[in-house]
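Let me begin by presenting the structure, written as structure tokens, before commenting on it.
All chains are named by letter (A, B, ...) in the order of the sequence lines, taking the proteins before the strands, and each is independently numbered beginning at 1.
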2 protein chains.
Amino acid sequence: MQRILVTGGLGAVGRYLVTSLEARGHEVFVVDLQHHGGQNYARCDVGEFRQVERLWTGGGWPGGDTAEPKSFDVVYHLAAEFGRWNGEDYYEQVWRTNAVGTKNILRMQEREGFKAVYFSSSEVYGDFPGVMTEDVMDTIEIKQMNDYAISKWVNEMQVLNSATQFGTESVRVRLFNTYGPGEPYSRYRSVICLFAYRALHDIPFTVHTGHRRTSTYIADCANALAAIADNFKPGEVYNVGGTQYHSIEDVAAIILRELGKEHRADELVTYAEPEVLTTKQKHTDCSKAVRDLGLTSTISLEDGIRETLAWMKSHYNVT
Amino acid sequence: MQRILVTGGLGAVGRYLVTSLEARGHEVFVVDLQHHGGQNYARCDVGEFRQVERLWTGGGWPGGDTAEPKSFDVVYHLAAEFGRWNGEDYYEQVWRTNAVGTKNILRMQEREGFKAVYFSSSEVYGDFPGVMTEDVMDTIEIKQMNDYAISKWVNEMQVLNSATQFGTESVRVRLFNTYGPGEPYSRYRSVICLFAYRALHDIPFTVHTGHRRTSTYIADCANALAAIADNFKPGEVYNVGGTQYHSIEDVAAIILRELGKEHRADELVTYAEPEVLTTKQKHTDCSKAVRDLGLTSTISLEDGIRETLAWMKSHYNVT
């Protein structure tokens, strides 16, 4: 049993990770932006150092300034601004939360000495056309194609430099497209969330052709992430992605079929050219995560989308 | 004659650049953080989009909200947080000013269509051991070694992505160690400024051995930078550095000799190992800047340091 802090623990990935960590017997503490009544919960904007520091001095937790100082064995730093277009439209938040926020956590790690898991993205591979193995960036020059992607590569370098300068022990994870129940819609969310919400609500949507991806079911992703705490290898970096390689057109077709709206495809779906500065294909090699973290795919894309649609119908009260 | 805006125009490089641009007959407008009474001056924190936007809508200039909207042919975006240790100690400012600030200027460029010159640093070459030609980062994977260096590489990618997505026309400049009269002391300034100030004030200082650099005299640097406006090649990137390759020990020795304090070297100078995460040697190839911008070295390191010391004695009233 370890004491584990999860920043961004109320997010789409965070909630599942907390559940997986608790299932493994760990004591889990959660941090996120909003107020929340949980006993092991503290509100914290990771971009504000004072709020980060209070997680250790005790002030942020229930009990406030009378709470005991806390320590954690492992910190999963999931709190981040997410998404390519979000990064272009809200770049102020991206730089503050991702670059300053990660530096704030690193400063605490350098002081407190906990192990940490930092989250990066498949976006750091830029438009690399080959199979994305973790060592690509050790040999091939990659230029990230948007501020969100750049900020995630910044985070990786911040982590590496801290390890060199201060001996901090960290693992980096590059998340590939992850989907599943529990991801509320906004126009900046994952492509499956976007298509599912719009198809469900009869809102026409655009499918950019020529992109290929894997999609990781959120519960599978979270189980692999939770395993890091129990098999912690400092300096390691893992791709965490799915096994089924598919096009974006496939996703749209499955969603329409599952909703029984195939006959309305012409009305609901517009096909367009690939977007500028977007990775054409993301073919990932996750063999390290399979070996060290037991990453596995327990559900097909079709079944995972069905689960996602079921949750979404219930969440948005659409029949 | 072009209308030229210089952000950071009151800084150590900016003041010389403004003088060089005016000598070429351009109409120059200056922006910096502080209040200032100049006719062509506006206060602006480039990290705040509203303040940036007002440079074009007119509100920031003398006359305030009644000032006419302005347009500029060229913008030199010099405003930045500078320095490796500054970036580690004041990373909040580095990310806000450098990453958000540059994005703010790019957003205006995408809207207004001016040409722009963006400033990067030799720090983007990380610890690359060979001769630093501008195309190193197109072929060799470099990891920048501190947040300041990372932020400058972020700026370069932001500029490249904007050119791809919006067709903005920009030139990037990678400044190598620049020195000369007019650089006020702080512990985060250039190595020549640091050593000069401390030797002048009999403050003991540490020389990290094993580092080799070129040093560019500020007036030579500014003349080359000013030439960009008259020979603007969109997409180009220039190293701007000096020709005399020297060790950091050389700099300390010259300063002590010029001050007549050679006999006090043991008391004033401590030699130490190279610092962690610092580039060991910066051997630059500036042939492109020589060819396109007439970069030239008009003064030896010894004479340049003598000029710097003379200014510093006067500025700090030390005889």
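- When each of B:L160, B:T139, B:V94, B:D138 is checked for heavy-atom pairs under 4.5 Å with chain A, B:D138 comes out on top.
- The backbone N or O of A:C44 sits nowhere less than 3.5 Å from a side-chain atom of A:D32 that would complete a donor-acceptor pair.
- Contact annotation for A:N104: both backbone and side-chain heavy atoms come within less than 4.5 Å of a heavy atom of chain B.
- Proximity to chain A (any heavy atom under 4.5 Å) is restricted, for B:I140, to the backbone atoms N, CA, C and O.
- Each of B:E92, B:E88, B:R96 has some count of heavy-atom pairs under 4.5 Å with chain A, and the biggest count is that of B:E88.
- Ring geometry for A:F82 versus A:Y148: interplanar angle over 60°, hence perpendicular rather than tilted (30 to 60°).
- Residue contact with chain A, scored on non-hydrogen atoms closer than 4.5 Å, involves the backbone and the side chain of B:V154 alike.
- Ring-plane geometry between B:F114 and B:W56 is classed as parallel, the angle between the planes falling under 30 degrees on a 0 to 90 degree scale with a further cut at 60.
- Looking at B:E156, B:R174, B:K152 one by one, the single match for side-chain hydrogen bond (donor to acceptor under 3.5 Å, both in side chains) with B:S120 turns out to be B:E156.
- Taking the six-membered ring where the residue is Trp, A:W95 and B:W95 present parallel rings, their angle staying beneath 30° rather than reaching 60°.
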